[in-house]
**Q** 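My questions will all concern the structure given below.
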Protein chains: 2
Amino acid sequence: MTAERKPRKDAVRNRAAVFAAADALFAQCRSPEEVTMADIATAAGVGKATLFRAFGDRTGLIRALYEARLAPVRAAIEEGPEPLGPATPPLERVPALLDAVLCFKLDNRHLALALEGSGADSPYRADHYDHWHALVRDLLRRLPGPPDSDFTAHALLAATRADLVAYLAGDKGVPREELRAQLAGFTAAVLDARTRRGTAVEG
Amino acid sequence: MTAERKPRKDAVRNRAAVFAAADALFAQCRSPEEVTMADIATAAGVGKATLFRAFGDRTGLIRALYEARLAPVRAAIEEGPEPLGPATPPLERVPALLDAVLCFKLDNRHLALALEGSGADSPYRADHYDHWHALVRDLLRRLPGPPDSDFTAHALLAATRADLVAYLAGDKGVPREELRAQLAGFTAAVLDARTRRGTAVEG
DNA sequence: TTGCGATACGGACCCACGGTCCGTATCTTC
DNA sequence: GAAGATACGGACCGTGGGTCCGTATCGCAA
């Protein structure tokens, strides 16, 4: 077993400072690209190298922020009560999941934008996307319907893309509840049509 | 009237050279980010400034390439025969439009990726997106169904996002025809559910 | 053909930003 | 409190988008 010895006290303090500073800066600025690493280091009262030592690179920092915010949602899904928790039947859980994703991206627009639009790597290569997709796909498979659960899961999740959400909620000024209702309606329509169109269950 | 005098001969020749070089380079490389402006200039046998003079900036160049490829599709939609042309009834034209978009993005993955993922500006602020969205939304409105055509149009188009298409067709190796069939199935399901769920027509 | 203003060329140059290096400071442990 | 390990920080580097300006080319007219 790799017995990782505990890190130095100042290291954890600095890590936390960077974390907080980055969170605040990303929340303030319109577009995530106008926050530079140097900005974050300065705001945290820390040298640039400290920042990179703690998080590897820009993507690593953003991912860390994102994962921290996401943790409670994950917990609610994995072991929480209905309608998000695992005991919920698929027909209710899929809409609940999508609604949770939407709400999360509404509440954390800046981070979601920064992560999904981190240039080089498409959001589809991120591991957390696979997680969501597998979850939705498997729920769809447990429902009667045509055997295209994989694509349908992608398509449903695409409706919650960070930049789309930011565009509608931000630029277009669509209110939160209205967006939620529209996504719910769309999801319901898709599920409804699927259960109606075919009764085969995928292996 | 702004009487724009005609450009010099070498200017148009260079512009064409840059155009061709950029097209070739983007087509060859895996990710559009590994093609630099200097690369394009070199490949075109031209100085960097010439390139920027002709197209403004990176986004301008990519957009010009994209629009050029898109022109035939646009023409087919605006004045072509069925099922893409304006004479087609909405119920058939919406799937046809989405299929055309999908095929276009499959055939021009590199450009679509370069444009949608051009970092700063979300794809939703591009004017061509508004065009597609308005088209789909207006068709949906002409159909009986719930009054959320605007969002539904966004959601349907989101299923054809360039990075999703590239991910499925490229990384996952989903064959072209299978992808088309899946998108068609998804679209049909959405339309089917809409016409079934409500009979109101939006004003 | 030649002369001349207008236009375009090109590559050296600039700047911003992500990421690294290394001499120095701080922590931990004995 | 001394020694070794660990972390600090800001100067530094490479890269890539975008610009500047002295020079070459073009178009036109005489």
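Each chain gets a letter, A, B and so on, in the order the sequences are listed, and its residues count up from 1. Worth knowing before you read on, the calculation uses all heavy atoms, side chains too, and leaves out hydrogens, waters and symmetry mates.
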**Q** Would you indicate whether the side-chain heavy atoms of A:Thr36 and A:Asp39 approach each other to under 4.5 Å?
**A** yes

**Q** So, is A:Asn14 near the phosphate of D:dC8, with a side-chain N or O under 4.0 Å from OP1 or OP2?
**A** yes

**Q** Hey, which sits more toward the 5' end of DNA chain C by its nearest nucleotide, A:Glu34 or A:Gly56?
**A** A:Glu34

**Q** How do B:Arg13 and B:Phe52 order along DNA chain D: which one's closest nucleotide is nearer the 5' end?
**A** B:Phe52

**Q** Check the phosphate of D:dA7 against A:Thr50, side-chain N and O only, distance under 4.0 Å to OP1 or OP2. Yes or no?
**A** no

**Q** Considering only heavy atoms and no angle criterion, is a donor-acceptor pair shorter than 3.5 Å present between the side chain of B:Lys9 and the base of D:dG27?
**A** no

**Q** How long is the line joining CZ of B:Phe55 and P of C:dA8, in whole Å?
**A** 14 Å

**Q** Whole-Å distance between C:dA6 P and B:Asp10 CG?
**A** 17 Å

**Q** Please work out which of the three classes, parallel, tilted or perpendicular, describes the rings of A:Tyr167 and B:Tyr124, given edges at 30° and 60°.
**A** parallel

**Q** Starting from P on C:dT20, measure out to CE on A:Met37 and report it in whole angstrom.
**A** 12 Å

**Q** Base, sugar-phosphate, or nothing for B:Ala11, non-hydrogen atoms under 4.0 angstrom?
**A** sugar-phosphate

**Q** Taking atom C1' of D:dG18 as reference, at what distance in whole Å does atom CG of B:Leu51 sit?
**A** 11 Å

**Q** For the base of C:dG10, is there a side-chain donor-acceptor partner from B:Arg53 under 3.5 Å away?
**A** yes

